[in-house]
Protein chains: 2
Amino acid sequence: VARWQPGAPERLRASALELFCEHGYDQTTVAEIAHRAGLTERTFYRHFADKREVLFQGGEVLRNALCEAVSAAPEGAGTRTLIDAALAGVGSCFPPERRAFARDRAVTLAAEPALQERELLKLADLKRGLAEAYVRRGLVETQAALAAETVMSVFHMAFQRWIAEGEERELPELQRAILAELHALTAA
Amino acid sequence: VARWQPGAPERLRASALELFCEHGYDQTTVAEIAHRAGLTERTFYRHFADKREVLFQGGEVLRNALCEAVSAAPEGAGTRTLIDAALAGVGSCFPPERRAFARDRAVTLAAEPALQERELLKLADLKRGLAEAYVRRGLVETQAALAAETVMSVFHMAFQRWIAEGEERELPELQRAILAELHALTAA
């Protein structure tokens, strides 16, 4: 058996999501995921620590994208520029070809309260990490917290629209629309 | 033994928070809480299902305040009026005399990841409930979600400032300040 399989993680991910949507997350085994992908369980475990990681591996990617985007922002950048940098960073993690996965993932999460809890914890962690990155960029703590909260709220709302049935706009455009709506709603 | 004790829940709450801050949440028993309040365990359990409820009973109060504020908003109210109504409702749950409790509660939560998870779930539940209340008030789903997200973000950030060491402004004033900052930060 070849130890290296071209595109193995992508095939495993796609098979896992198919099975989660067909039979439910709890009812799906790693053996079934590997079988549907035409791969072995050993190969599965070379790419994912467990079944849950198929759904949450992206958290690490997001965290890195956010941190890199914030540290790459121009010197002397103000709060708004730092917000835009983080939104661009997170937006780049969700290219058009990831939308189908994101939709199936949302269906899977919606059916399992324990996965929703895990998702809430992940988002809270990302927000905390982002606030710390903003402090490293010189924002005072209250401003860093406000900026991180804004980024995560805008991202979260835009993401919900991005995965909605029939939505065709891409994430960066939806994030800009949400920012504009927030601006209008917060007018004195 | 009198079945009714004047101010029993308040005394139990104060004793519990003292003990949580002194010895930690996990290390505190219901017997110790009751003893410090000069009451019996039986009395404790007449007011709280368990030790955790001392910290989370307020969630129910908040949910009701949010729902009532939204349903009491004037007929034909727009999204911004519905946001202000919810913020006023939630603001009224935290009068000046509750700040000391809120601070001690935050110290207790900060020391216990399991309590922080519970808090995240509570806030997510409140947000979901608020979005549903907004839909009942005629907002379309995306607008209801945006309004609920805005309320909960503004409340959360204002609350963090309200309980910060040395902060003297009250919650409604802090919420207005956060709204103004959000407005400035989201300008195109």
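If you chain together hydrophobic residues whose side chains sit under 4.5 Å apart, A:Leu174 and A:Leu123 fall into the same group. If you chain together hydrophobic residues whose side chains sit under 4.5 Å apart, A:Phe101 and A:Leu62 never meet in one group. No path of Ile, Leu, Val, Met, Phe, Trp and Tyr side chains, each step under 4.5 Å between heavy atoms, connects B:Leu55 with B:Ile163, placing them in separate hydrophobic clusters.
To the nearest 0.5 angstrom, B:Arg161 atom CZ is 6.0 Å from A:Leu146 atom CG. Interatomic distance, CD of B:Glu117 versus CG of A:Leu120, reported as 9.5 Å (0.5 Å rounding). Once rounded to the nearest 0.5 Å, the distance linking CE of A:Met157 with OG of B:Ser153 reads 6.5 Å. Note that CD of B:Gln116 is 6.5 Å distant from CZ of A:Arg128, once rounded to the nearest 0.5 Å. Rounding to the nearest 0.5 Å gives a distance of 15.0 Å between CZ of A:Arg176 and OG1 of B:Thr186.
Within 6.0 Å of CD in A:Glu141 there are 12 or fewer heavy atoms belonging to other residues, nucleotides or ligands. For CD of A:Glu168, the number of neighbouring non-hydrogen atoms (other residues, nucleotides, ligands) closer than 6.0 Å is 12 at most. In B:His183, the NE2 atom is crowded: over 12 heavy atoms of neighbouring residues, nucleotides or ligands sit closer than 6.0 Å. Residue B:Gln57 places its CD atom among more than 12 non-hydrogen atoms of other residues, nucleotides or ligands, all under 6.0 Å distant.
For the pair B:Ile178 and A:Glu149, the minimum side-chain heavy-atom distance is 4.5 Å or more.
Only the side chain of B:Ile83 comes within less than 4.5 Å of a heavy atom of chain A; its backbone N, CA, C and O stay farther away. Both the backbone and the side chain of A:Arg80 come within contact range of chain B, with heavy atoms under 4.5 Å apart. Contact annotation for B:Ala124: only side-chain heavy atoms (C-beta onward) come within less than 4.5 Å of a heavy atom of chain A.
Among A:Leu179, A:Leu182, A:Leu185, the residue making the largest number of heavy-atom pairs under 4.5 Å with chain B is A:Leu185.
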